[in-house]
Q: 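Here's a structure for you.
Values in this document were obtained by computation on a predicted structure and should not be read as measured data. Within every chain, numbering begins at 1; the chains are lettered A, B, ... in the order of the sequence lines, protein sequences first and strands thereafter.
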Amino acid sequence: MAKRYWLMKTEPDAFSIADLERLGVTAWEGVRNYQARNHMRDGMKLGDEVLFYHSSTKPPGVVGLARVSRESYPDPTAFDSKSKYFDPKSKPDAARWMMVDVEYVATFPATLSLEELRAVPGLQDMPLLRKGQRLSVQPVSADEYRIVKKLGMRARSR
DNA sequence: GCCAACGTTGGC
DNA sequence: GCCAACGTTGGC
């Protein structure tokens with residue numbers, strides 16, 4: 001199947017692109033939304049490329065690139081009663097929550113902000129830009145990915 | 001900190 | 001199975 005493209009949101013106070021760069025690879029634990037889980041479980045394949053998005057920060061926006069390095073497997077934090085992501089309804093033999101591993105690819109020279117993205121022709125249909133969109137794992141088209149990557153990797157003076 | 005937009009829960 | 005209440009997300 002053709003490679004797919006995604007956008008993954010994170011609050012940088014919890015986990016940032018700098019954290020990913022330092023670690024190299026991370027398990028995308030803690031997703032507790034069915035639609036986001038379905039994207040990880042059913043959609044994400046090894047080598048798929050990811051726009052890494054910082055939310056609840058100033059400014060929110062895409063800050064770098066990552067890649068799927070392991071396809072979906074059960075999220076162990078759901079089984080851990082001491083974890084803030086604990087879900088007693090998820091059992092090891094019938095895991096409700098799945099995650100993927102993501103590896104670091106690149107950090108943009110500057111945040112490509114949500115405000116800037118809204119002004120870019122060709123991105124108007126991105127789920128991210130839709131009013132009320134909260135999904136933390138979203139699909140991105142190949143064209144949208146190419147446009148965002150190009151703008152993000154370009155060094156800009158501000 | 002506010003609050004709109006969603007998703008989930010639970011009473012009925 | 002409906003839907004009100006509640007909790008969360010996340011931009012502003």
Q: Using the side-chain contact (heavy atoms from CB on, under 4.5 Å) rule, pick out the option among T10(A), L65(A), T107(A) that qualifies with F52(A).
A: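 Only one option passes, and that is T10(A).
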Q: Any side-chain N or O of K89(A) below 4.0 angstrom from OP1/OP2 of dT9(B)?
A: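 So the side chain of K89(A) is within the cut-off, an N or O lying under 4.0 Å from OP1 or OP2 of dT9(B).
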Q: Round to a whole Å and report the spacing from CD of E115(A) to C1' of dG11(C).
A: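 Computing the E115(A):CD to dG11(C):C1' distance gives 12 Å.
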Q: In whole angstrom, give the distance that lies between atom CG of L114(A) and atom C1' of dG10(C).
A: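 Rounding to the nearest Å, CG of L114(A) and C1' of dG10(C) are 10 Å apart.
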Q: Roughly, in whole Å, what's the span from OH in Y34(A) to C1' in dC6(B)?
A: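 One finds 16 Å between C1' of dC6(B) and OH of Y34(A), rounded.
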Q: Could you state the CG-P distance from L135(A) to dA5(B), rounded to the nearest angstrom?
A: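 Nearest whole value for this atom pair: 17 Å.
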Q: Distance check, rounded to the nearest 0.5 Å: L7(A) atom CG versus L135(A) atom CG?
A: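 Between atom CG of L7(A) and atom CG of L135(A) there are 9.5 Å.
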Q: Within the pair K131(A) and dA4(B), is there a side-chain N or O less than 4.0 Å away from OP1 or OP2?
A: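 It does not, given that no N or O in the side chain of K131(A) lies less than 4.0 Å from OP1 or OP2 of dA4(B).
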Q: dT8(C), dG11(C), dT9(B): which one has an atom nearest the side-chain heavy atoms of R134(A)?
A: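 That would be dT8(C).
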Q: Check the side chains of D75(A) and T77(A) for a donor-acceptor pair under 3.5 angstrom, ignoring hydrogens and angles.
A: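 D75(A) and T77(A) do have a side-chain donor-acceptor pair below 3.5 Å.
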Q: If we check ring pair (Phe, Tyr, Trp, His ring centres under 6.0 Å) with H39(A), which of these qualifies: Y34(A), W6(A), W28(A)?
A: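 Testing H39(A) for a ring pair (Phe, Tyr, Trp, His ring centres under 6.0 Å) against Y34(A), W6(A), W28(A) leaves exactly one candidate, W6(A).
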Q: Distance check needed: dA5(B) C1' versus L129(A) CG, whole Å only.
A: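 It is 16 Å, rounded to the nearest whole Å.
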Q: Atom NE2 of H54(A) and atom C1' of dC12(C): how far apart are they, to the nearest Å?
A: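 Spelled out: NE2 on H54(A) to C1' on dC12(C) is 19 Å.
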Q: Mind calculating the distance between CG (L117(A)) and P (dC12(C)) to the nearest angstrom?
A: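 Interatomic distance, CG of L117(A) to P of dC12(C): 11 Å.
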Q: Figure out the CZ/C1' separation between R130(A) and dT9(C), and round it to whole Å.
A: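 Roughly 16 Å, once rounded to whole Å.
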